[in-house]
Amino acid sequence: MSTQIDLEELTKIEGHATLRLRVDDGRVEHLEIRSLEGSRYFEGILRGRLYSEASEIATRICGICSCAHCLAAHQAIENALGIVPSAQTHELRRLLNLGESIRSHAAHLYFLALPDYLGVPSTLSIALEQRGAVERAIQLMKLGNDMVRLLAGRDIHPVSVTVGGHLKIPTQEQLTGIRERLEQLRPAAVATAELFNSLPYPELHVKLERFSLYSDSEYALIAGSIRSDEHEFEQRDYGKFVSEYHSPEQTANFVVREGHAYMVGALSRLANSKELLSSDAAALLRAGPVPQGLDNPFLINPAQAIELVQNFDDALAILSNLRPEPEPPPEIWVQAGHGIAAVEAPRGVLWHEYELDDTGHILHANIITPTAQNLRAMEESLAALLPEVVHEGKEAVVAAAEKLIRAYDPCLSCAVHFLNVEWL
Amino acid sequence: MSERQIAVAKKLRVGFYGITGCAGCLESVIFNEDEIVGIFNLVDVQAFPFIKGANSHEDLDVAFMEGLVASPRDLETLKEVRKNARVLVALGTCANTGCIPAYRHYTPLENYEHLIKEKEDDIKDVPPSPIDTHVPVDFAIPGCPPNGKEILEVIKAVAAGKTPRPYTAPVCIECRRKGNYCLLELGKPCLGPITRGGCGAVCPSGGFECWGCRGQTEDANLPAFIELLEQKGFSWDFIKRRLRTFVGQKTPDLEPLRRALEVEKV
Ligand code: SF4
Ligand code: SF4
Ligand code: SF4
């Protein structure tokens, strides 16, 4: 007997998607995630524009991770033009990336994921009962936003980052202000990690290769090689690393590696860079479910919460050394070139690639977002999970699927606002 | 009915929706960190699928719509929300002009041909278009993203039964007020003089030239401005691309303007 019911909307994700399911005789016969977001063809729109315009256009791919797009675009263009930014620029950019990670993890954990574990429709709707949690979420989000506002010129779609440098260097006083607030709010980040360490996560095992940026010197976010437990690549070898395919049900492309799904994001970063964690983040990691469950995608949530503490510690370390000097962006010698860069967006590795002609105009652009890479991993994770719950009926299936998809924190408008569950 | 119930019954029913876009406009609502809980108390938020589990689009006083129409599904959602809302607010540049995605109208097909894939009917491409191409819009909040405080002002005004007043002065006014160094004078292609302000001149304040995301002021003297940019060494192609990036098809027809300029020169 084949089941077919009306659509359910999956909410609290970014973007629009449908989960198509066919269940025959209590077995999941067909399963696919379908992204419904209209196509925007950014890579085509970028063609013919000047190298210096790439970021302003590409950030509009995603408001949630516009800083990651801005950094990836600038770094890829710098690679194409042979520019190596200063150490100060690198630190300012890391700080910007950390601000985006803090706000994104805080918003995702408290507003999108937590309601699933509390069994309520929305964290804001329980504002009165959960004052503490909401207060904490908003304070964390605000601090991350203020870091972005200071370093990027505004909270969404950065304006102060430029090719080779920074258009507006923050003052020592402004940076001290941020440092003090980081110190003040650090207990809230720790409390978040403790809370997410303590939630009851469903048991699930999915064999997926986990990729992230990796560097020996820092918890890698904006520079490094690409690593999994089995492989290591240089960024410039990305053509060997990813391949894309398309299905007519999708506006998003699927990205695979040698035909296999792989995972990017917080769990991958923790798996590959755990030796680089601060002592408190490492202790929180050991105290929770993550080390025993690196193959359980539900544990992306506690992994993000541990990263939140790591983000605080990295930002504090940067701020204890940074003494910003005025530094005008370098003179640019326009030339033909080809540049590739990867940056860790909150949801995982983001790729930008540009080819420039000798007048600095973009001949070719390619952008691969974290969600596009995780789509196949999400499908395979659902395929592993749903047979376990399918006998509990449709409501249970929908709840479990939503929870799992939300754990991945997909940002489907980038990959191509609701997820419908379509029973075929 | 107790007093409290009456007060509750009077709350405005408000919905926040998104079609094809980047979610930056919806984030701008939430990024009013100090006021967001208050807003959720001031009005009755019927829908905000980005952060709310249960969402309705029935019987709305005000609907905010982010994004542009890029697929038949977008159009369906837009029409559904329009049908159920007393006031429809176009939130952000995508909703108002089609923003960067609609720049596709100015690029040759060969630029993105390699990206076009076969798709099922409900997700097929339609020409990227702002929402007022398809349904009547009652109020526009420009900006990519819009200023978060401006969104709050609109919500508060509607909650108080007032019509919010759009900002009409150019970006330069706010920029000068902030004591910024003028980027145009430094030779950057800043569109501040012809662009509607209200954003607090956020780009020039961050060291970056204004790209005109809030659209042109009503009295913008485009021919004079184009001439100025040309004098500063920018090519006509560059100027055309820059003027159209955010305002797209709502940019006045540039070619005749340019021809008039040429004639003057002869
Ligand atoms: S107007 Fe800008 S911020 Fe808003 S959805 Fe469109 S691209 Fe994003
Ligand atoms: S920087 Fe731009 S917005 Fe500011 S005054 Fe100069 S032209 Fe106007
Ligand atoms: S300065 Fe110009 S581009 Fe920047 S937000 Fe204001 S209107 Fe938009």
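For clarity, every value in this text was computed on a predicted model and none was experimentally measured. In what follows, chains carry the letters A, B, and so on, assigned in the order in which the sequence lines appear, proteins first and then strands, with residues in each chain numbered from 1.
When the ring pair (Phe, Tyr, Trp, His ring centres under 6.0 Å) test is applied to B:F16, the partners found at least two apart in sequence or on another chain are B:F48, B:F64. By the salt bridge (Lys or Arg N to Asp or Glu O under 4.0 Å) test, B:D132 pairs with B:K250, sequence neighbours left out.
Chain B forms more heavy-atom pairs under 4.5 Å with one residue of A:L46, A:T59, A:N145, A:L50 than with any other, namely A:N145. Between chain A and the options B:G207, B:C144, B:P128, B:S205, the largest number of non-hydrogen pairs under 4.5 Å is found for B:C144. The candidate with the highest count of non-hydrogen atom pairs below 4.5 Å against chain B, out of A:R49, A:R103, A:K168, is A:R49. Interface summary for chain A: among B:F208, B:F238, B:F246, the most heavy-atom pairs under 4.5 angstrom belong to B:F208.
When heavy atoms are compared at a cutoff of 4.5 Å, A:Q139 does not approach chain B at all. Looking at B:Y106, neither its backbone nor its side chain comes within 4.5 Å of chain A, counting heavy atoms on both sides. When heavy atoms are compared at a cutoff of 4.5 Å, B:L109 does not approach chain A at all. In this structure, chain A has no heavy atom under 4.5 Å from any part of B:E209. For B:P145, the parts sitting under 4.5 Å from any heavy atom of chain A are the backbone and the side chain alike. Neither the backbone nor the side chain of B:C25 comes within contact range of chain A, judged by heavy atoms closer than 4.5 Å.
Between A:R149 and B:E33, at least one side-chain nitrogen of the basic residue sits less than 4.0 Å from a carboxylate oxygen of the acidic one, meeting the salt-bridge criterion. A salt bridge does not link B:E58 with B:R13: none of the charged nitrogens is closer than 4.0 Å to a carboxylate oxygen.
Remark: B:R242 is not positioned above the aromatic ring of B:F234, lacking an NZ or CZ atom under 6.0 angstrom from the ring centre and at most 45 degrees off the axis.
Using modelled atom types and a 3.5 Å distance limit, the side chains of A:R347 and A:S104 yield a donor-acceptor pair. For the residue pair B:D237 / B:S235, no side-chain donor-acceptor distance below 3.5 Å is found, with atom types taken as modelled.
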